[in-house]
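Being a predicted model, the structure only gives us computed values, none of them experimental. Chain A is the first sequence line, chain B the second, and so forth, proteins listed ahead of strands; every chain is numbered from 1.
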Amino acid sequence: MITVDLRKRLAIVRIAVGLYAFGSITFGLGELVRVASFPASSFEPVGVVRVLAAPLPVWLVVAIAVASALLAAATIVGAAYRIVAPLAAAGVLWTLGYRSSWGMLFHTDNLVALHLIALAVFARPSGDEVTARWGLRVVVAITCVTYVLAGIAKVRLAGLHWLSGDLLRDQIAFDNARKVLLGESPAPFATLLLDHPAILVGLSVATLVVELGAPIALVGGTIARAWAVCAWCFHVGVVLTMNVWFPYPLLGVAFLPMFAVERLRLPTQLRV
Amino acid sequence: MRRIAGCTLVAIVALPVLRDPADLRDDSFPLSTYPMFARARGSQIEMAYAIGVTAAGQRRVLTPRLVGSREVLQAATAIDRAIMTGHTRELCREIASRVATDASVDDITQIRIVHGRHDAMAVVQTGEVGREVDYLRCPVRR
């Protein structure tokens, strides 16, 4: 009988998500400074940032972002997790929320913020096997819910007309035209797909199947892994057709709990 | 306790299902209705943006960075906001000053903030642009 070390799997998920959050804030710091310097009239707070009536001074935005990145890095090590993890989750939620408070919501940041909150509750290095099982289940369930919501939005707004491929064609054309007009290159496969609209019918169906079928990943095992591969391919498709990047799933971090990552060897400094 | 915490968390993430994805003001972070690729777009694209003009009158596309953000949508939002709040002249001058110090666009002599209406497919497939109406023009001073 094969025994699965779920505590180690959850620890590896915790390390990967912490590392991703650290990298996301660190590499996004320049852009955060740029948007935080926009005129106050551009400030449109979302989520927890709604407590603010006006933007914060840029130095304070940077200070909170740096502290959040360091806290996220500390969750990787796992020391004082009971205190550090909730603070890291709160800091990352605030910083990513602040970045989305200037007229453009970065939907790609949603899942990492939500996963950090779940991991703060469930991924204590001293936690038992049952807690680890629940933690992994909750992280996977959160992932599934976000995909189902995206599918429901399509069905509610477009109905079955979404399956005709026309909406996807218009979406690809609109998104790429906007990029071209604003000084960016169109996605590599955009022109090809617009020239061959029949392919778009298949892609539209596949998109809805992946999104609305996400709960199947809760079954676990091979089925969950197959869904994760399909969802990853869907994100690759979005890059190739619209040049829209969702790095959290593209790097595979969002899907890690569905894979046997406990087989990886960890440095001894990291607390499992 | 674990079950309650886990189920509560998942239920909170699912709450946006009660909101209307058509209402973009209802979208938030990190709890989202995920409306981004769900709306019908139509074949036309209508939007405000900035372009450069050379001394010979040729049209030049400006990168989002010259508008003030690396993110293309944030650059677009900055232009929309400037128009809505009556700060178009200030934004035009800011763009002109960035262009003035960028050697890669040293042939641009004028900035136009325009409202464009185009066939989205034509823009992507052939680069053909439709009608562009000026909000404002400002010179690039070097």
Novice: Sort V180(A) into side chain, backbone, both or neither according to what part of it lies under 4.5 angstrom from a heavy atom of chain B.
Specialist: both
Novice: Go through L167(A), L181(A), V35(A) and name the one with the most non-hydrogen pairs under 4.5 angstrom from chain B.
Specialist: L181(A)
Novice: Relative to chain B, which segment of L149(A) carries a heavy atom at a distance below 4.5 Å: side chain, backbone, both, or neither?
Specialist: both
Novice: Contact part of V244(A) toward chain B, heavy-atom cut-off under 4.5 Å: side chain, backbone, both or neither?
Specialist: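 Contact with chain B involves the side chain of V244(A) alone.
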Novice: Counting only non-hydrogen atoms closer than 4.5 Å, does L105(A) touch chain B with its backbone (N, CA, C, O), its side chain (CB onward), both, or neither?
Specialist: side chain
Novice: Please determine, among V61(B), V72(B), I79(B), the option with the most heavy-atom pairs under 4.5 Å with chain A.
Specialist: V72(B)
Novice: Which atoms of F38(A) come close to chain B, meaning under 4.5 Å heavy atom to heavy atom: side chain ones, backbone ones, both, or neither?
Specialist: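 Just its side chain gets close to chain B.
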Novice: Which atoms of L96(A) come close to chain B, meaning under 4.5 Å heavy atom to heavy atom: side chain ones, backbone ones, both, or neither?
Specialist: both
Novice: So which of A120(B), A122(B), P35(B) has the largest heavy-atom pair count under 4.5 angstrom toward chain A?
Specialist: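 When all of A120(B), A122(B), P35(B) are compared, A120(B) has the most.
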Novice: Check whether any side-chain heavy atom of I51(B) sits under 4.5 Å from a side-chain heavy atom of I111(B), and report yes or no.
Specialist: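 The answer is no, as the side chains (C-beta and beyond) never meet within the 4.5 Å cut-off.
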Novice: Between chain B and each of I172(A), I152(A), V130(A), count heavy-atom pairs under 4.5 Å; write down the option with the most.
Specialist: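 When all of I172(A), I152(A), V130(A) are compared, V130(A) has the most.
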Novice: Check the pair V61(A) / L32(A) against side-chain contact (heavy atoms from CB on, under 4.5 Å), numbers first and verdict last.
Specialist: CA-CA 8 Å; V61(A) 175; L32(A) 182 67; 3.7 Å; yes
Novice: Of the backbone (N, CA, C, O) and the side chain (C-beta and beyond), which part of L62(B) lies under 4.5 Å from a heavy atom of chain A, both, or neither?
Specialist: backbone
Novice: Chain A heavy atoms under 4.5 Å from A75(B): which part of the residue, side chain, backbone, both or neither?
Specialist: neither
Novice: Sort V129(B) into side chain, backbone, both or neither according to what part of it lies under 4.5 angstrom from a heavy atom of chain A.
Specialist: side chain
Novice: Can you tell which part of M36(B) gets under 4.5 Å to a heavy atom of chain A, answering side chain, backbone, both or neither?
Specialist: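 Both parts, backbone and side chain.
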Novice: Should we say atom CD1 of I216(A) is surrounded by more than 12 heavy atoms from elsewhere, each under 6.0 Å from it?
Specialist: no
Novice: Counting only heavy atoms not in F189(A) (residues, nucleotides, ligands), do more than 12 fall under 6.0 Å from its CZ?
Specialist: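 Open: at most 12 neighbouring heavy atoms sit under 6.0 Å from CZ of F189(A).
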Novice: Heavy-atom pairs under 4.5 Å with chain A - which of G68(B), G127(B), C7(B), A50(B) has more of them than the others?
Specialist: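 Of G68(B), G127(B), C7(B), A50(B), G68(B) has the most heavy-atom pairs under 4.5 Å with chain A.
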Novice: Check whether V145(A) gets within reach of chain B through its side chain, its backbone, both or neither, counting any heavy atom under 4.5 Å.
Specialist: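 For V145(A), the side chain is the part near chain B, not the backbone.
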Novice: For A113(A), which residues count as a side chain to side chain contact (heavy atoms under 4.5 Å, CB included) partner, sequence neighbours excluded?
Specialist: L93(A), F29(B), P30(B)
Novice: Can you list the donor-acceptor atom pairs spanning chain A and chain B that come in under 3.5 angstrom?
Specialist:
from, atom 1, to, atom 2, distance (Å)
E31(A), OE1, R70(B), N, 3.4
E31(A), OE2, S69(B), OG, 2.8
S42(A), O, R81(B), NH1, 2.8
E44(A), OE2, R81(B), NH2, 2.4
G47(A), N, S28(B), OG, 3.2
H107(A), NE2, D27(B), OD2, 2.7
H107(A), NE2, S32(B), OG, 3.4
N110(A), ND2, Y34(B), OH, 3.2
T131(A), OG1, R2(B), NH1, 2.9
R156(A), NH1, V17(B), O, 2.9
R156(A), NH1, R19(B), O, 3.1
R156(A), NH2, R19(B), O, 3.2
D195(A), OD1, Q125(B), NE2, 2.5

Novice: Go through the steps to decide whether L203(A) and L193(A) satisfy the test side-chain contact (heavy atoms from CB on, under 4.5 Å), and finish with yes or no.
Specialist: CA-CA 10 Å; L203(A) 292 179; L193(A) 277 179; 3.9 Å; yes
